[in-house]
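Note: hydrogens, waters and symmetry copies are ignored here, and every other heavy atom, side chains too, is used. The residues of the chain are indexed from 1 along the displayed sequence. Quantities reported herein were computed from a predicted structural model and do not represent experimental measurements.
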Amino acid sequence: MSEKTSNRARITPEEALAYHMEPRPGKFDVVASTPMTTQRDLSLAYSPGVAVPVQAIADRPETAYDYTTKGNMVAVISNGTAILGMGNLGALASKPVMEGKAVLFKRFADVNAIDIELDTEDADEFINAVRLMGPTFGGINLEDIKAPECFIIEQRLKEMMDIPVFHDDQHGTAVICAAGLLNALELSGKKIEDVKIVLNGAGAAGIACLELLKSMGARHENCIMADTKGVIYQGRTEGMNQWKSAHAVATSARTLEDAMKGADVFLGVSAKGAVTQAMVESMADNPVIFAMANPDPEITPEDAHAVRPDAIVATGRSDYPNQVNNVLGFPYLFRGALDIHARAINDEMKIACAEALAKLAREDVPDEVAVAYGRKLQFGRDYIIPTPFDPRLIHVVPPAVARAGMDTGVARRPIIDMDGYVQSLKNRMDPTAAILQGIHARARQSQARMIFAEGDDPRVLRAAVAWQRGGMGQALVVGREADVKEKLETVGLGDAVRELTVVNAANSRHLDAYHEFLYARLQRKGVDREDAHKLANRDRHVFAALMLAHGHGDGLVTGATRKNAPVLAQLGKVFDLRPQDGAVGITAVLHKGRIVLIGDTLVHEWPEAEDLADIATRGAGVARGLGLEPRVAFLSFSNFGYPVSERAVKMAKATEVLDRRGVDFEYEGEMTVDVALNMDSAARYPFSRLTGPANVLVVPARHSASISVKLMQEMAGATVIGPILTGVPQPIQICSTTSTVNDILNMAAISAGGLGNAR
């Protein structure tokens, strides 16, 4: 029922610990947003310059939003008394969860957040600690605090503080539940004020769900709440508290089974298996079932649909349609609240969030979202809630929240130019995660038999295990069984050897066919039969390529243990991978919300104009595969003829080649990199054919491409994907020797998704 949901991927303890330890412990860094290099910078940042904003804030406290991070800073606070479904494990144990929540704020809504773990179970101590930190933050997100203390803490902090205080375990679930229910009722032809609602699970989330739905029109007498002791009815005394009592109704129903008879809606925030097929069968026509227990629902969609095909079912899981995921709510609620400097997040803002989410699910889904999820999404019984990676969320939900906040008087600084605000939200969107999500979704859909050629490398083996256990397809590891088993045991994955398919060249039943194929291909290139046999038997890159050539695998990833050039040469003994064959290496560089593709980083050593045009075309193809509309720039140290140089001239000639070919993408050159990427610099050349910053950069030679990529990686901390081998006859990708496990996994996903092999 939240962002903490499971899916079909099986994560081992070793993988989870490695993720949190590498490349350094934890999940985020603190990075300065202003220059800190010169003495003048330090004087402005600290003494004496800092005295000026200090005095300004003392004179006018509201200017803290102008001169500090307060206006974009949320505290994620817990005492660890209700961590995930694991219970009271203490404040320190909650830190990984709170760090995770903090990075979700940043990833989805560009909200800075920092985790704070308070080592107390005393509600008064907790409240006082948070209250005293109020000046630091623009909002407080409470998390993983057990009931009933969570109710007391939130209510008192809301009364005491003049910034939003929001317990996501309660209200985040409630908002997404409400959004889905609005659409489910529309599809069912029912109205919220008329339906009978049964809720099982009278904890923080359940109570918040029912309260929000009642504020949206559900009638008190139509809502039945149940807990482990049965229905909460008027007059019940066992296991009651003031929050449950507020939802007690006059009813003869005493069990969940009784309550479910004739119900239109079931909401579950309880436990696996709490609902039976008989209960579902007893519900009204077109029942709505939100089985949100985490990690396993009260009843699975399969079991519900087996007895009620007319049911609309949602769960908290990502491997079923209609996931109730809190990440659809809290980042955008806080984004809208922070941007109006809100004093609170009230019911009207939560309802606005729910209604905006519901409306978004009814609209046409962008192609990039369909690509990312591997299927066409269309409003209906299996799509009533937007997906977390829908890029429209950032500019649709916060404005709705902000408007509601302004209309209800909690805004300190109302937004005057709403159109400008929407555009500013669009500019906050970081495409990096969406692009990687799309790559992995396409790969998962293809279910490829992925050949991992270097089964003697622990990184490759860990990636192969992640491939298999992540539901991406079958992992085929080239290596010796005993060696693979030993290395897996060394990294704590000894049990995984039973899951992987280990292929040993020494005893492959296909060797004769491989020998003949290779000899026929190389016999006129100075290779005799015995040499061909040795190549197939002893070189893992050649053997893996032969597997792929004979259809004994669907994709190939290699290169983690050997330099690119010799790997490419060995693969070239099986496939045509020369420059004249159309092969090109395109590297994706992602940095600060921007992505550029740079080519050729792998194949062409010194391309001429025709080659450069080929590189541009391949780069444009990769861009489109990533969901980008390609804009190609041919780079040089020269801009449109000045200064004159032979190396610049060939870049200009490449555009003439594309002119003759009549390609269907934007291109221009030659130009310097600032003109290509910065529209202010480009404005000096109004005749340029590029309508926006270039996203495919074609450079004069392989060495300049390599230098550019590595410089961005080392100096700027850019994320690098590739080089992506494109224009080749089979799905082959080559890693670098410095690749991490995630890098290898990404390259395998690129291979499986067909991003590189389209010709």
### Task
Determine, stepwise, if the pair Val596 / Met712 fulfils side-chain contact (heavy atoms from CB on, under 4.5 Å).
CA-CA 11 Å; Val596 294; Met712 282 293 296; over 6 Å; no

### Spatial distance of atom CD1 (Ile750) from atom CD1 (Ile724) [nearest 0.5 Å]
4.0 Å

### Task
Kindly write out the residues that satisfy salt bridge (charged side-chain N to carboxylate O under 4.0 Å, His left out) with Glu670, not counting sequence neighbours, or none if the list is empty.
none

### Query
Which pair of heavy atoms, one from Ala443 and one from Ala752, lies closest together, and at what distance?
CB-CB, 3.9 Å

### Task
Name all pairs fulfilling the ring-ring contact (aromatic ring centres under 6.0 Å, His included) condition that reach into residues 642-676, sequence neighbours left out, sorted by first residue then second.
none

### Query
Taking C-beta and beyond as the side chain, do Lys106 and Asn112 meet within less than 4.5 Å on heavy atoms?
yes

### Task
Apply ring-ring contact (aromatic ring centres under 6.0 Å, His included) to Phe105 and list each qualifying residue two or more places apart in sequence or on a separate chain.
Phe330, Phe334

#### Entry: Test side-chain hydrogen bond (donor to acceptor under 3.5 Å, both in side chains) applied to Arg381 - qualifying residues, sequence neighbours left out
Asn286

### Query
Looking at OG1 of Thr617 and CG of Asp664, how far apart are the two atoms once the value is rounded to the nearest 0.5 Å?
9.0 Å

### Task
Please round to the nearest 0.5 Å and tell me the distance separating atom CE of Met406 and atom CZ of Arg403.
7.0 Å

### Task
Search all heavy atoms of Pro331 against all heavy atoms of Ala109 and return the closest pair with its distance.
O-CB, 3.3 Å

### Message
Using modelled atom types and a 3.5 Å cut-off, is there a donor and acceptor pairing between side-chain atoms of Glu99 and backbone atoms of Lys27?
### Response
yes

### Query
Does the pair Thr672 and Asp674 meet the rule for a side-chain hydrogen bond (donor to acceptor under 3.5 Å, both in side chains), with working shown?
CA-CA 6 Å; Thr672 57; Asp674 59 318; 2.5 Å; yes

### Message
So that I can tick it off, tell me whether Arg618 and Asp614 are bridged by a salt bridge, with the cut-off set at under 4.0 angstrom between side-chain N and carboxylate O.
### Response
no

### Query
Is there side-chain contact between Leu357 and Tyr332, with at least one heavy-atom pair below 4.5 Å?
no

### Message
Any heavy-atom pair between the side chains of Met73 and Thr68 that's under 4.5 Å?
### Response
no

#### Entry: Which atom of Arg444 lies closest to which atom of Gln447, heavy atoms considered
O-NE2, 2.7 Å

### Task
State, to 0.1 Å, how close Gln733 and Pro723 come at their nearest heavy-atom pair, and which atoms those are.
OE1-O, 3.7 Å

### Task
Step by step, work out the side-chain contact (heavy atoms from CB on, under 4.5 Å) result for Gln713 and Thr738.
CA-CA 12 Å; Gln713 190 172 26; Thr738 59; 5.8 Å; no

### Contacts of type ring-ring contact (aromatic ring centres under 6.0 Å, His included), residue His604, not counting sequence neighbours
none

### Query
Got a donor-acceptor contact below 3.5 angstrom from the Asp743 side chain to the Thr740 backbone?
yes

### Message
Just so I know, are the side chains of Val557 and Cys735 near enough to count as touching, which here means a heavy-atom distance under 4.5 Å?
### Response
yes

### Main-chain N/O of Ala583 paired to Asp581 side chain as donor or acceptor, under 3.5 Å
no

### Query
Would a distance-only check, ignoring hydrogens and angles, find a side-chain to backbone donor-acceptor pair under 3.5 Å from Thr726 to Val584?
no

### Task
Verify, without hydrogens or angle tests, whether Asp600 (side chain) and Ile615 (backbone) share a donor-acceptor contact under 3.5 angstrom.
no

### Query
Can you name the residues that form a side-chain hydrogen bond (donor to acceptor under 3.5 Å, both in side chains) with Asn141, not counting sequence neighbours?
Glu143

### Message
Given 3.5 Å as the limit, does a donor-acceptor pair link the side chain of Asn183 with the main chain of Ile384, or not?
### Response
yes

### Summary
Those residues at least two apart in sequence (or on a different chain) that pass ring-ring contact (aromatic ring centres under 6.0 Å, His included) with Phe640 are Tyr685, Phe687

### Query
Rounded to the nearest 0.5 Å, what separation is found between the CD1 atom of Ile732 and the CG atom of Leu571?
5.5 Å

### Task
Side-chain contact test, heavy atoms from C-beta onward, threshold under 4.5 Å: evaluate it for Glu668 versus Val632 and give yes or no.
no

### Task
Indicate yes or no for a side-chain donor-acceptor contact from Lys426 to the backbone of Pro391 under 3.5 Å, with no hydrogens or angles considered.
no

#### Entry: Working for side-chain contact (heavy atoms from CB on, under 4.5 Å), residues Val74 and Leu338
CA-CA 9 Å; Val74 167; Leu338 291 170; 4.0 Å; yes

### Task
Return the set of residues passing salt bridge (charged side-chain N to carboxylate O under 4.0 Å, His left out) with Glu363 (not counting sequence neighbours), or none when no residue passes.
Arg392

### Query
Between Met651 and Leu612, is any pair of side-chain heavy atoms under 4.5 Å apart?
yes

### Validation row: Asn72, Arg335 side chains within 4.5 angstrom (heavy atoms)
yes

### Set of side-chain hydrogen bond (donor to acceptor under 3.5 Å, both in side chains) partners for Gln423, sequence neighbours left out
Asn427

### Task
Quick one: pull up CD1 in Ile598 and OG in Ser704 and give me the separation to the nearest 0.5 Å.
9.5 Å

### Message
Just checking Tyr67: does its OH atom have more than 12 heavy atoms from other residues, nucleotides or ligands closer to it than 6.0 angstrom?
### Response
no

### Message
Under the rule for salt bridge (charged side-chain N to carboxylate O under 4.0 Å, His left out), what residues qualify as partners of Arg660, not counting sequence neighbours?
### Response
Glu610

### Task
Identify the heavy atoms of Arg578 and Val603 that sit nearest to each other, and give their distance.
C-CG1, 4.2 Å

### With sequence neighbours excluded, residues passing salt bridge (charged side-chain N to carboxylate O under 4.0 Å, His left out) with Arg412
Asp162

### Task
Give a yes or no on this: more than 12 heavy atoms of other residues, nucleotides or ligands lie within 6.0 Å of atom CG of Asp364.
no

### Message
If the condition is side-chain hydrogen bond (donor to acceptor under 3.5 Å, both in side chains), which residues does Thr69 pass it with, not counting sequence neighbours?
### Response
none

### Message
Measuring only between side-chain heavy atoms, which start at C-beta, is Leu602 closer than 4.5 Å to Asn564?
### Response
yes

#### Entry: side-chain contact (heavy atoms from CB on, under 4.5 Å) evaluation trace for Leu393 with Leu328
CA-CA 8 Å; Leu393 288 164; Leu328 289 165; 3.6 Å; yes

### Task
Find the distance between OG1 (Thr691) and CE (Met679) and round it off to the nearest 0.5 Å.
7.0 Å

### Task
Determine the minimum heavy-atom distance between Glu629 and Asn695, stating which atoms define it.
O-ND2, 3.0 Å

